[in-house]
Structure formats: C-alpha cells, structure tokens
**Student:** 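The structure is given below, and queries will be raised subsequently.
Every value quoted in this text rests on a predicted model; they were computed, and no experiment measured them. One-based numbering along the sequence shown. For ligands, and for the atoms within them, numbers begin at 1 and follow the listed sequence.
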Amino acid sequence: MSEPAIESLFTEGRTFPPPQEFAAAAHVNDPSVYDQAEEDWQSWWEGHARQLRWMRDWDTTLEWTPPHAKWFVNGQLNVADNCLDRHIDAGHGGRVAFHWIGEPGDTRTLTYQELCDEVCKFANALKRLGVGKGDRVNIYLPMIPELPIAMLACARIGAIHSVVFAGFSSQALVNRIDDADSKVLITADGSYRKGNVVPLKEAADAAMGATDRVETCVVVQRTGNDVPWTQGRDHWYHEVTADCDAHAEPEPMDAEDVLYILYTSGTTGKPKGIVHTTGGYLTQVAATTKLVFDLKPESDVYWCAADIGWVTGHSYIVYGPLANGATSLLYEGAPDHPGKDRFWEIVETYKATILYTAPTAIRAFMKWGAELPAGHDLSSLRLLGSVGEPINPEAWMWYHQHIGGGRCPIVDTWWQTETGAIMITPLPGLTKAKPGSAMRAFPGIKAVVVDEQGKPVPPGGGGYLTLQRPWPAMLRTLWGDDPRYRQTYWSRYGEDVYFAGDGAKLDEDGHIWLLGRVDDVMNVSGHRISTTEVESALVDHPKVAEAAVTGRVDELTGQAIVAFVTLRGDEETSDALAAELREHVAQRIGKLARPANVLFTPDLPKTRSGKIMRRLLKDIAEGRELGDVTTLANADIVSQLAESSKGADE
Ligand code: PRX
C-alpha cells in the first residue's frame with residue numbers, strides 16, 4: 001500500500017471559509033438523536049427496522065461474530081413489499097413514485113400502484129422464465145423505468161440482482177456474469193447518449209458469446225433499432241410481460257438473504273462482488289434517506305442524479321426513496337444534452353426540492369457558468385447533497401450560492417458500495433456545515449480516525465478512516481470470496497475494525513474531513529477504478545510489454561488516469577498508438593476508465609526488488625518535485641519520464 005500524503009491532501013494551498021450554520025430548514029430531526037443513538041445503538045437501529053413491514057419478527061437484533069454480522073436474525077420481510085405494497089395499503093397508491101424523463105424528451109410517470117403492477121408483471125414473467133429464489137439475474141440497462149422495475153421484480157421473487165452500469169464494456173459484463181454465475185441477463189436494444197444510440201444489445205451479445213452461462217436474455221425495447229437476435233434465448237420484455245398478471249405474492253425473505261451483488265473495483269484486477277442482504281440494508285437506506293434528506297414523502301420531489309448502475313442509485317434512487325414512499329425524478333440522459341442547462345430545466349419543470357449529485361458534476365456546472373442555473377427558477381430546491389468524492393470548498397460554495405440560492409443546506413455524505421448506505425454526513429438543521437467536510441458519523445455509526453498503529457488520533461490529527469461497530473447495511477462478504485473480504489476490510493487493525501481505505505483528518509472540533517483513497521484505487525468522477533484493472537487492460541494489448549497506472553489530480557473529475565507504458569521489442573511509439581491504447585482500455589473496461597494520458601517509457605521506475613514505484617509515478621504525473629530516488633534500480637529513467645510528461649497531451 002502506498003503512503004498517503006495526508007497533510008498535503010488536506011490543506012495545501014487552500015483556504016477554508018468559516019463554518020456555517022445551515023439556513024433554516026424544516027427541523028424534523030430531534031437534536032437528541034445523536035445521544036439517543038449512542039445510548040443504545042442497537043435499539044436505535046431496531047427503531048428504524050420497526051418502520052418497515054415484517055412478515056416475521058426477528059429474534060435477535062444483531063449477531064456479531066467478527067467480521068461477520070447478522071442483523072434482525074430470523075426476521076422475514078420482502079423489500080418490494082416494503083417499497084410498494086406497504087404504501088399502497090396505507091392509501092398512497094396514487095402518489096407518484098417516479099417521474100421519468102427520457103433523454104430525447106419523452107416522459108413517463110409511474111404512481112406507486114402502477115409501479116407495483118409493472119413489478120408484479122415482470123416478477124411473473126421472470127418466474128415463467130424459470131427464475132427462482134436465490135438465482136442471480138444480471139441487469140444491464142440504461143436509466144429507464146424498466147431498470148428499477150427489474151430490480152424490484154427480482155426482490156419480489158427473491159432472486160439476486162447484479163446490476164452492471166450500462167457504460168461498462170461487454171468484457172466487464174462477462175466478468176460479472178461469470179463471477180455471479182448468472183443464467184439470466186436483462187438488457188435493452190439500445191440506450192441514448194447525447195442524441196446517439198448506443199448499441200447495448202450488441203455489447204450484451206458479445207458478452208453472452210464469451211460465456212456460456214446465460215440461458216435467457218430479456219430485451220427492453222428502448223431505441224427501436226435493429227438488433228441481432230438469438231431464437232430461444234432472447235425474449236422481448238414487452239412480449240414476456242404482455243399476458244402477465246399484475247399480482248404476484250411477495251416472497252418472504254430472511255433478513256439475511258442476499259438482495260443484490262454489486263461489483264466494485266479493488267486493488268487487484270478482479271472486481272469485488274459486494275454482497276448486500278435484505279433487512280439491515282433496507283433499514284439503513286430507509287433511515288438515512290429520511291434523516292439525511294429530511295424527507296417529506298407527501299411534498300418533496302427528490303432527485304438523486306446518479307446512475308442506478310452504481311451504489312448511489314441502488315440506495316438513493318431505488319431502495320431508500322421507495323422505502324419512504326417518496327416521489328423521485330429519474331433522468332435517463334447526460335447533464336449537457338441537449339443543452340448545458342438540462343438539469344436546471346428539469347428542476348424547474350418538476351419543482352424538485354432535493355438534489356443529490358457528485359462534486360464532478362458540480363465542478364462541470366461551475367465551468368459551464370452560473371448564468372445557466374440563473375436562467376431557471378430553482379426556488380423549489382430546499383436541500384442539496386454531495387456524494388462520491390471529496391468536495392472542494394470552492395465547488396461547495398458555488399453549489400450553495402448558485403444552485404441553493406444561499407438558502408439550502410448541503411449534506412456532504414461519505415459512504416461506499418461496501419457500507420451500503422450513508423455513514424458520515426451532517427444532518428440538516430442539526431449539524432453545522434463546513435464546506436469540504438462530511439462532519440460527523442450518522443447516529444448509531446462509530447467512525448474513528450486512527451494512526452498507523454490503530455490508535456485514535458486526537459482533534460487536529462490525520463490518519464485512516466475506520467468503522468468500529470457493525471452497521472445494518474454493511475456488506476456481509478464478497479461474493480464467492482470470503483477470505484478476500486476478511487483480508488481487504490478486517491485485517492489491518494483486527495477483525496472488528498473495518499478499514500475503509502480512505503485517508504481522513506479530524507479538525508480541532510473533531511469534525512471529519514475525507515481525504516481520498518489510500519490504496520491503489522483511483523476515484524474518477526466519483527467512480528472507483530483500480531490501477532491494476534487498467535494495467536491489465538493495457539498489457540492485454542499485443543504491443544504493450546508493461547504498464548503502470550496512477551491517478552493525478554484533475555480539476556474537473558477529481559482524478560484523471562495516467563498510464564506509463566513500455567512497449568514490446570522494437571514497437572515504435574506514436575500518438576496514434578497512444579490513442580489506440582486509450583481506446584483499448586475503453587473497450588476493455590468502459591469509457592470511464594480511458595486514460596487521460598499515455599506516456600511511453602523505455603522502462604518503469606522500480607525498486608531493486610522489482611516493485612514499481614507508483615508513488616513516484618504519481619509525483620511525475622502531478623508535476624511534483626521528485627524526492628530521493630536513490631533506492632531505484634534505474635534512477636535515470638525518472639528524469640527522462642519527468643521531462644516527457646511535461647509535454648503530454650490530454
Ligand atoms: O474514497 C471515498 C469516496 O468514494 C469511495 C467509495 O466509492 P464507491 O464505493 O464507488 O461509492 C461511491 C458512492 C457512495 C470512498 O471510499 N467518497 C464517497 N463519498 C465521499 C467520498 N470521499 C469524500 N467525501 C465523500 N462525501
């Protein structure tokens with residue numbers, strides 16, 4: 001693991017505006033929540049679990065055999081029942097669950113009753129196609145209503161979904177299908193991206209051609225383009241659902257049954273299948289959606305602008321808002337299509353009250369200019385959220401002023417695919433906000449910043465973020481790889497201390513500042529990409545002998561990917577080859593993993609034991625003064641590299 005540059009990440013060249021009290025928000029939260037939760041944190045979570053509808057009560061709140069937790073042991077419930085039927089039974093069937101906005105401008109509104117009908121129909125179709133409890137179903141869909149419908153249909157019948165972001169390549173899809181051993185794939189004929197049709201079915205076909213696991217493929221007709229078709233395997237969504245009943249009994253699920261697998265990048269080339277279960281997960285996503293966003297289901301129009309292909313969308317577009325009976329916006333397209341004010345047009349049209357998005361998006365909005373939001377009526381907004389990466393104070397202030405009109409509280413929420421739900425965040429009306437700080441642990445969560453030895457650091461100190469108490473939405477294991485689960489998260493400081501992989505600092509008031517990853521994982525636009533994964537994609541190219549990848553600071557995307565590449569034999573370097581390699585990575589993993597720079601080098605800086613000095617490469621990529629390189633076996637390569645990186649093109 002490389003050494004984190006904690007101090008420099010925190011303060012270098014930055015001035016911090018003074019802490020602000022939140023503008024007056026509706027204070028639903030009782031200021032004593034933190035104390036109440038501390039007094040008895042298990043009862044605190046139990047209180048939230050009681051808000052859900054259980055088919056069988058649990059016997060024990062928590063069984064903690066580090067590092068394995070079981071929450072609400074022997075309790076039974078169904079997630080789809082809680083997200084749909086429970087609200088309909090309470091008389092809210094007519095309330096809008098989703099206002100969907102398609103990229104070309106088409107729209108669709110689904111009330112809770114309509115959503116439930118669609119979910120039941122597809123649940124029945126899946127059953128007829130042979131899908132049962134515990135089966136894995138891969139979902140590779142754009143941001144269309146059928147995506148949450150498919151997830152909820154799986155949840156209703158007890159199948160385990162594994163959603164793969166539609167921007168991922170067919171190779172990434174194959175890996176995920178194979179790892180989860182899915183027999184069913186749900187995809188679409190195409191997806192819209194900035195006016196173009198992306199041939200999703202072709203990508204799905206390429207994936208299904210590379211593995212023989214998929215027996216059934218259900219295809220949603222979205223773009224209407226011609227698609228290749230395999231008789232017997234492929235089925236149109238509209239055909240398999242056409243004659244299905246809009247009623248399907250929700251399957252009673254054990255609180256610890258797996259709800260979904262979601263893959264995320266780790267420090268090796270193989271993505272980790274994060275396993276989330278039913279009762280604890282739903283409890284914490286429901287509680288955090290309610291408290292962090294101060295949600296009023298009867299009046300709010302909530303918009304989480306993430307993609308459901310990532311955990312943010314799973315927890316805060318699908319499960320958290322629906323468990324609360326909220327009305328959400330679901331947007332298919334890009335923020336800059338057809339115009340760069342698309343978001344503000346949507347906020348104005350639908351009178352959105354809550355907006356939850358990533359710092360990368362906020363920095364793009366900043367770049368596009370404050371006049372764009374100023375041209376729209378954003379007065380409906382009352383709360384803003386940030387997620388996915390550290391937000392720089394400049395972006396925070398801009399968001400506060402130009403989107404929030406100076407009146408909206410901002411919740412900067414820290415969490416991970418692994419944590420399942422928000423862990424560190426201010427609470428509106430209760431916690432002061434400091435631009436750039438996620439402030440304090442959510443009630444019931446114990447977040448501790450520790451030093452190298454695992455000792456808590458005092459206020460003013462910096463170190464590593466740990467979680468020192470189990471929490472309901474925590475991952476339970478890695479799919480098919482429990483040893484890696486123990487090793488990655490629970491080995492550094494002992495079996496009962498979760499190592500998050502993030503650097504953190506406490507300020508003098510004890511508030512938490514997240515500083516970014518301390519392992520070989522990059523964070524590009526709020527998405528985790530492992531350096532090793534990109535390296536594997538590069539060395540897979542026939543002309544590449546060796547590659548080392550690092551992230552460098554990027555004004556817009558937080559980090560950008562820089563690849564140092566050594567070619568085989570007498571292959572010639574050229575701009576065309578650099579472009580080809582960038583494209584090769586995009587093909588292998590997905591566009592978001594495309595390196596911003598490819599730098600050719602005759603050799604990579606290595607220690608005498610042969611280890612690539614990544615930290616040095618990062619310094620080179622970021623144009624920093626280089627320290628002592630005398631431990632290198634090939635020190636002269638460093639000056640050559642530093643020189644060539646100065647002229648590197650974006
Ligand atoms: O480094 C942290 C960063 O994103 C990582 C988790 O990424 P992922 O599992 O893809 O989930 C992203 C959405 C929850 C963390 O280890 N991160 C996430 N939120 C923040 C953050 N860094 C700083 N501040 C945040 N609010």
**Student:** Just to confirm my output: which protein heavy-atom neighbour is closest to atom 13 (C) of ligand 1, and how far is it?
**Tutor:** Thr312 OG1, 3.3 Å
**Student:** Any nitrogen or oxygen of Asp412, side chain or backbone, less than 3.5 Å from one on ligand 1?
**Tutor:** yes
**Student:** May I ask you to check whether Trp368 and Phe343 place their ring centres under 6.0 Å from each other?
**Tutor:** no
**Student:** Looking at residues at least two apart in the chain, or sitting in another chain, which of them share a salt bridge (Lys or Arg N to Asp or Glu O under 4.0 Å) with Arg176?
**Tutor:** none
**Student:** Taking non-hydrogen atoms only, is Thr413 closer than 4.0 angstrom to ligand 1 via side chain, backbone, both or neither?
**Tutor:** backbone
**Student:** Under 4.0 Å between a Lys/Arg side-chain N and an Asp/Glu carboxylate O for Asp482 and Arg484?
**Tutor:** no
**Student:** Is ligand 1 less than 4.0 angstrom away from at least one heavy atom of Gly388?
**Tutor:** yes
**Student:** Checking the side chain of Tyr399 only, and the main-chain atoms of Gly385 only, is there a donor and an acceptor separated by less than 3.5 Å?
**Tutor:** yes
**Student:** Flag the pair Trp100 / Tyr331 as yes when their ring centroid distance falls below 6.0 Å, and as no otherwise.
**Tutor:** no
**Student:** Glu535 side chain to Val549 main-chain N or O, any donor-acceptor pair under 3.5 Å?
**Tutor:** yes
**Student:** Hey, is ligand 1 close enough to Ser386 that some N/O pair sits below 3.5 Å?
**Tutor:** no
**Student:** Evaluating non-hydrogen atoms only, which member of Arg517, Arg528, Glu389, His314 is closest to atom 20 (C) of ligand 1?
**Tutor:** Glu389
**Student:** Do the ring centers of Tyr489 and Phe499 come within less than 6.0 Å of each other?
**Tutor:** no
**Student:** Any atom of ligand 1 sitting under 4.0 Å from a heavy atom of His527?
**Tutor:** no
**Student:** How far is atom 23 (C) of ligand 1 from its nearest protein heavy atom, and which residue and atom name does that atom have?
**Tutor:** Pro390 N, 3.1 Å
**Student:** So, Tyr356 versus Trp303, ring centres under 6.0 angstrom or not?
**Tutor:** no
**Student:** Enumerate the atoms of ligand 1 whose separation from the nearest heavy atom of Val387 is less than 4.0 angstrom.
**Tutor:** 13 (C), 14 (C)
**Student:** Under 4.0 Å, heavy atoms only, figure out whether ligand 1 is touched by the backbone of Ala438, its side chain, both or neither.
**Tutor:** neither
**Student:** Just checking Trp310 against His314, ring centres under 6.0 Å apart?
**Tutor:** no
**Student:** Which is closest to atom 9 (O) of ligand 1 by heavy-atom distance: Thr417, Val311, Thr419?
**Tutor:** Thr417
**Student:** Should you measure from each heavy atom of Asn523, which atoms of ligand 1 turn up under 4.0 Å away?
**Tutor:** 3 (C), 4 (O)
**Student:** Given that the side chain starts at C-beta and the backbone is N, CA, C, O, which of these parts of Asp502 lies under 4.0 Å from ligand 1, counting heavy atoms, or is it both or neither?
**Tutor:** side chain
